[in-house]
K.L.:
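Here it is, the structure in full.
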Amino acid sequence: TSAQIGVTGLAVMGRNLARNFARNGYTVAVHNRTATRTRELVAEFGHEGDFVAAETAKEFVAALERPRRLVIMVKAGDPTDAVIQEFAPLLEPGDMIIDGGNAHFADTRRRERELREQGIHFVGTGISGGEEGALHGPSIMPGGSKESYEPLGPMLEKISAKAQDGAPCVTHVGPDGAGHFVKMVHNGIEYADMQLIGEAYQLLRDVAGYSPARIADIFRTWNTGRLDSYLIEITAEVLSHVDAATGKPFVDVVVDQAEQKGTGRWTVQIALDLGVPVSGIAEAVFARSLSGHAALREASRGLAGPKPAALDEAEAAVFADRVEQALYASKIVSYTQGFHEIAAGSAEYGWDIDLGAVSAIWRGGCIIRAAFLDRIRAAYDARPDLPSLLSDETFAREIAAAQDDWREVLVAATRQGVAAPGFAAALAYYDALRAERLPAALTQGQRDFFGAHTYRRVDRDGSFHTLWGGDRSEASA
Ligand code: 6PG
């Protein structure tokens, strides 16, 4: 029997992806470093489709029809390189290695280049949707050569999530590292979405005085409107969950220190390199890191805060509606920043990424899936050269309608001493972008003063320097 696709690395993501291929009628070769996992998979799920269990790398490669499609689902970093080194010598020109892990796009670019010399296609592929997505249909972001997409694309389309209009949530994102870059930004946006939701929760709790169960109901209501999304949906689930051992809200028995595996941090690091202001995503990463500094937080507990003021029932209800506005407006800003980073990465690396196509494949399957993404797709479809999501008329109008409430929420947060860095960063970005004049002119003056770094003038071309230490006359630089 020859298998149309092979999956090596059968931890939960790899196993579920292999099952997804098999359930869609493909013969799937499966392989794992320790063969017990392979045997377990076939024993447990063999009835779901056609699996070929391979014990060795040689057997695995031999089981695959040509061009070989070999999916590796191992930890990003060194383990991925180790698996590539193991399999690449066994492959032939035209074969492809599909890396479905959360690899750094720079690693993907290097691996693609190295394998290309051998005639092997390396397809760095972002896969989002967690365990359930891998099994029932993830959002898939393949990079690599256009050529490799021809024999691979139809299979990915089959196993991917489908958007509401039936479109498969997969597209050839662009060459070499484009797929993993887009997955990285997806995760950065995921961090921002989660942070904004967290701030909304905290404000409803500490300013409105609501219980987790009540806040869960509010999120359920929001989920029927424009915020309709997977993350809002699971937020309601988590908030309404009660800890069996203590009878307390689950959210109150979990240690409040958020962990991370690195993709959000990468999004910010790369944004800094590209010079793209992703302040909302950065605040989300920093908020996780701040939460983890237990000793620093402990040492800061006694610091002064404002006197708390309780809202009455009617005020609380008004406030809750305002938080929805603030959350929505801040979300628009996060996506604006994320898409800016994708556009910048695409320009830097010559990927020619279609932003409308990216928003289309995020409509289903992935962690940030949301009704909202269809509106982003529409914005880019209407104007593929949109300079920023904020310049889309619909989004601009929605923010215009939300901004008064957005500001009021930040006033309340500030007055009550509740940190809302995501909301605040988003509003600052919005206000800075729309400002007629920025204090950057003063910054330039200071730079010129202490370092003769020169400045440009609003009324004449060229670079200038003022003789600050002398008669303060201006010289052309
Ligand atoms: C996805 C997720 C996934 C990621 C988790 C955890 O798209 O399915 O992004 O790839 O592993 O979100 O990330 P952190 O551990 O960094 O929170």
Side-chain angles (χ1 to χ4, degrees), residues 9 11-17 20 71-77 79-80 98-105 107-108 124-143 156 159-161 163 169-171 173 177 179-198 229-235 237-238 254-271 278 280-292 334-335 338 341-342 358-370 372-373 422:
V12 62
M13 286 296 286
R15 186 182 63 194
N16 282 359
L17 204 67
N20 189 351
V71 182
I72 56 182
M73 294 297 291
V74 297
K75 266 212 183 76
T80 302
I98 300 120
D99 174 15
N102 269 331
H104 193 293
F105 78 97
D107 286 337
T108 302
T125 303
I127 301 181
S128 178
E131 300 174 24
E132 284 295 297
L135 183 60
H136 300 291
S139 172
I140 312 179
M141 296 150 251
L156 298 182
I159 66 147
S160 72
C169 292
V170 56
T171 189
V173 175
H180 275 140
F181 187 96
V182 163
K183 175 60 177 22
M184 173 189 79
V185 176
H186 164 283
N187 282 25
I189 293 174
E190 170 185 308
Y191 277 47
D193 264 344
M194 292 167 73
Q195 175 63 22
L196 294 173
I197 291 172
S229 63
Y230 173 71
L231 282 170
I232 296 280
E233 177 192 328
I234 66 163
T235 298
E237 294 296 319
V238 174
V254 175
V255 174
D256 59 346
Q257 298 178 23
E259 295 172 16
Q260 50 181 313
K261 288 197 284 286
T263 46
R265 188 172 60 234
W266 294 346
T267 308
V268 179
Q269 286 171 336
I270 300 304
V278 293
I281 299 171
E283 288 295 353
V285 177
F286 285 139
R288 286 199 193 189
S289 103
L290 185 148
S291 76
S334 301
Y335 283 71
E341 182 165 353
I342 295 176
V358 169
S359 34
I361 65 168
W362 285 350
R363 290 179 302 166
C366 63
I367 303 296
I368 65 170
R369 63 183 180 263
F372 181 61
L373 280 151

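Each ligand, and each atom within it, is numbered from 1 in the order the structure gives.
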K.L.:
Are the side chains of F181 and T108 in contact, using a 4.5 Å heavy-atom criterion?
P.N.:
no

K.L.:
Given side chain to side chain contact (heavy atoms under 4.5 Å, CB included), test I270 with H104 step by step and report yes or no.
P.N.:
CA-CA 10 Å; I270 300 304; H104 193 293; 3.9 Å; yes

K.L.:
If you look at every heavy atom in I127 and K183, which pair is closest and at what distance?
P.N.:
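That would be O-CE, 3.4 Å.
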
K.L.:
Less than 3.5 Å between some nitrogen or oxygen of N187 and one of ligand 1, yes or no?
P.N.:
yes

K.L.:
Starting from atom 16 (O) of ligand 1, what is the nearest protein heavy atom, named by residue and atom, and what distance separates them?
P.N.:
Y191 OH, 2.5 Å

K.L.:
When you measure from atom 11 (O) of ligand 1 to every protein heavy atom, which one gives the shortest distance, and what is it?
P.N.:
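For this ligand atom, the closest protein heavy atom is N102 ND2, 3.6 Å.
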
K.L.:
So is there a nitrogen or oxygen of I367 less than 3.5 Å from a nitrogen or oxygen in ligand 1?
P.N.:
no

K.L.:
If you round to the nearest 0.5 Å, how far is CG of D107 from CG of D99?
P.N.:
9.0 Å

K.L.:
Quick test of your reading of the structure: of R288, M194, K261, whose heavy atom lies closest to atom 17 (O) of ligand 1?
P.N.:
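It is R288 that holds the nearest heavy atom.
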
K.L.:
Atom 7 (O) of ligand 1: which of G262, S128, G126 has the nearest heavy atom?
P.N.:
S128

K.L.:
By number and element, which atoms of ligand 1 are closer than 4.0 Å to a non-hydrogen atom of H186?
P.N.:
7 (O)

K.L.:
Just need the protein heavy atom nearest to atom 9 (O) of ligand 1, so name the residue and atom and give the distance.
P.N.:
E190 OE1, 2.7 Å

K.L.:
Under a heavy-atom criterion of less than 4.0 Å, does G264 contact ligand 1?
P.N.:
no

K.L.:
Taking distance alone, with no angle check, do I127 and ligand 1 share an N/O pair under 3.5 Å?
P.N.:
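No, no N or O pair falls under 3.5 Å.
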
K.L.:
Distance from R369 atom CZ to E190 atom CD, nearest 0.5 Å?
P.N.:
11.0 Å

K.L.:
Specify the protein heavy atom at minimum distance from atom 8 (O) of ligand 1: its residue, its atom name, and the distance to 0.1 Å.
P.N.:
G129 N, 3.0 Å

K.L.:
Under 3.5 Å between some N or O of ligand 1 and some N or O of Q260?
P.N.:
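No - when backbone and side-chain N and O of Q260 are compared with those of ligand 1, no distance drops under 3.5 Å.
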
K.L.:
Mind listing the closest non-hydrogen atom pair of G262 and Y191 along with its distance?
P.N.:
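For G262 versus Y191, the nearest heavy atoms are N-OH, 3.9 Å.
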
K.L.:
Any side-chain to backbone donor/acceptor pair from S128 onto S139? Under 3.5 Å, distance only.
P.N.:
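Answer holds: no.
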
K.L.:
So does Q260 have more than 12 non-hydrogen atoms from other groups sitting under 6.0 Å from CD?
P.N.:
yes

